[in-house]
Amino acid sequence: GLALTTGVVGIVPLVSGRGTPTIVEIAGSTVFAVMSSGIAIYNAFNALQPTLVGLVGADSTFTAVSAIDSQLLGRTSSNRLFLFSGVNFNTTLDVTAEYPRILGASISSVHHGTQFSLIGTAEGRVIIFQSDFASHVQTIDTLIAFAVSQLAFAPTGAIVCTVGSTMVFFGQDSNGVGLWDDSPTMLSSIQSSSISRVLQV
């Protein structure tokens, strides 16, 4: 089972035949456990008795996920992007099919927020969408031809990510051309082995 700690400890029964979780994402009282195939969703409001809400993406293997209370964004091993939402997350949007030209590059990381979603590519770009994927907002370039990882929003609204051993920041655009300035600020004195995760706080 999967142990949860939220002041008390509960043991979540895993979905039979789906293997053990490879990634666990928590958003509010919802826990997303990425299995060898599909993502199991649990309501952990009562941590002593967490309940299985359902299983989404049962035919896919997910390699990256990011979630808020009402939406789950996942990237599959075949480089496809899906958004799960609605009651028990049973509404699926194939984001890659909606934006085949924009999402033609290899996806290296995802970050799903309440207003915007960030998609990092293997070529060093960050693609920004509205969180419901109703529109593409902006694409910004880190100027480093390497995979973008550890995407997050800073409290100031800036976008921060790591590209290899470099931490890259995109501040909000003061010229009004885009929402974020396309001239990144870089901090390259950190060894790549020391960056394990960038958190939004």
Side-chain angles (χ1 to χ4, degrees), residues 18 22-28 30-41 53-142 145-153 157-163 168 170 172-173 176-182 184 198 200:
R18 298 290 175 179
T22 56
I23 304 171
V24 175
E25 180 82 359
I26 300 174
T30 306
V31 177
F32 305 91
V34 180
M35 309 299 202
S36 56
S37 59
I39 303 172
I41 303 172
V53 173
L55 181 76
V56 298
D59 298 327
S60 300
T61 300
F62 288 84
T63 56
V65 295
S66 182
I68 56 177
D69 282 341
S70 58
Q71 295 177 327
L72 169 67
L73 181 65
R75 174 202 181 272
T76 71
S77 57
S78 58
N79 199 52
R80 298 196 69 83
L81 201 62
F82 293 95
L83 179 69
F84 302 98
S85 60
V87 178
N88 295 338
F89 298 86
N90 58 6
T91 300
T92 304
L93 174 66
D94 186 340
V95 181
T96 306
E98 294 289 321
Y99 299 96
R101 182 180 61 83
I102 297 173
L103 292 174
S106 177
I107 299 170
S108 57
S109 56
V110 297
H111 177 78
H112 192 53
T114 55
Q115 289 185 289
F116 301 102
S117 288
L118 308 176
I119 312 300
T121 75
E123 292 79 12
R125 295 183 180 88
V126 178
I127 306 171
I128 307 162
F129 293 91
Q130 290 183 340
S131 60
D132 60 359
F133 290 90
S135 68
H136 167 236
V137 175
Q138 190 177 353
T139 298
I140 46 183
D141 198 330
T142 65
F146 202 78
V148 173
S149 61
Q150 311 301 336
L151 279 162
F153 285 106
I159 293 172
V160 57
C161 62
T162 58
V163 186
V168 181
F170 293 93
Q172 293 180 313
D173 190 357
V177 177
L179 292 178
W180 285 272
D181 193 336
D182 58 5
V198 176
Q200 178 184 358

Step-by-step side chain to side chain contact (heavy atoms under 4.5 Å, CB included) determination, Ile159 to Phe116: CA-CA 11 Å; Ile159 293 172; Phe116 301 102; over 6 Å; no

Reported CG-to-OG1 distance for the pair Asp69 and Thr114, which is rounded to 0.5 angstrom: 10.5 Å

Main-chain N/O of Phe129 paired with Ser117 side-chain donor or acceptor, under 3.5 Å: no

N/O donor-acceptor pair under 3.5 Å between Glu123 side chain and Ala105 backbone: no

Minimum-distance pair of heavy atoms, taken over all atoms of Ala27 and Ala67: CB-O, 3.8 Å

Any donor-acceptor N/O pair, Ser85 side chain to Gln71 backbone, under 3.5 Å: no

Within-4.5 Å side-chain heavy-atom neighbours: Val65 and Phe32: no

Minimum heavy-atom distance Ile68-His112, with the two atoms named: CG2-O, 3.7 Å

Spacing of CG belonging to Asp141 relative to CZ belonging to Phe170, to within rounding of 0.5 Å: 7.0 Å

Min side-chain heavy-atom separation Ile107-Leu81 under 4.5 Å: yes

Full working for side chain to side chain contact (heavy atoms under 4.5 Å, CB included) between Val137 and Gln130: CA-CA 7 Å; Val137 175; Gln130 290 183 340; 3.9 Å; yes

Side-chain heavy-atom pair Ile127, Tyr99 within 4.5 angstrom cut-off: no

Thr142/Val148 under side chain to side chain contact (heavy atoms under 4.5 Å, CB included): CA gap, chis, key distance, verdict: CA-CA 8 Å; Thr142 65; Val148 173; 4.1 Å; yes

Exercise: do Thr63 and Ser77 side chains pair donor with acceptor under 3.5 Å: no

Among Thr76, Ile39, Leu93, the one residue meeting side-chain contact (heavy atoms from CB on, under 4.5 Å) with Phe82: Thr76

Distance (rounded to the nearest 0.5 Å) between Leu103 CG and Thr121 OG1: 10.0 Å

Atom CZ of Phe146: over 12 foreign heavy atoms under 6.0 Å: no

Side-chain touch Ile102/Ile119, heavy atoms, less than 4.5 angstrom: no

Any side-chain heavy-atom pair of Trp180 and Val126 under 4.5 Å: no

Test item: Ser37 side-chain N/O and Asp59 main-chain N/O as donor-acceptor pair under 3.5 Å: no

Distance (rounded to the nearest 0.5 Å) between Ile128 CD1 and Gln115 CD: 12.5 Å

Thr92 side chain near Val56 side chain, heavy-atom distance below 4.5 Å: no

Any donor-acceptor N/O pair, Arg75 side chain to Val110 backbone, under 3.5 Å: no

Distance-minimising heavy-atom pair for Asn90 and Gly86: OD1-C, 4.2 Å

Close side-chain approach of Glu98 and Phe133, heavy atoms under 4.5 Å: no

Minimum-distance pair of heavy atoms, taken over all atoms of Met35 and Ala40: CE-CB, 3.9 Å

Closest approach of Ser149 to Ser109 (non-hydrogen atoms, all atoms of both residues): CA-OG, 3.7 Å

Validation row: Ile41, Phe84 side chains within 4.5 angstrom (heavy atoms): no

Parallel, tilted or perpendicular: ring planes of Phe153 versus His111, cut at 30 and 60 degrees: perpendicular

Qualifying residues under salt bridge (charged side-chain N to carboxylate O under 4.0 Å, His left out), relative to Asp94, sequence neighbours excluded: Arg80

Over all atoms of both residues, closest heavy-atom pair of Gly113 and Ser131: O-CB, 3.3 Å

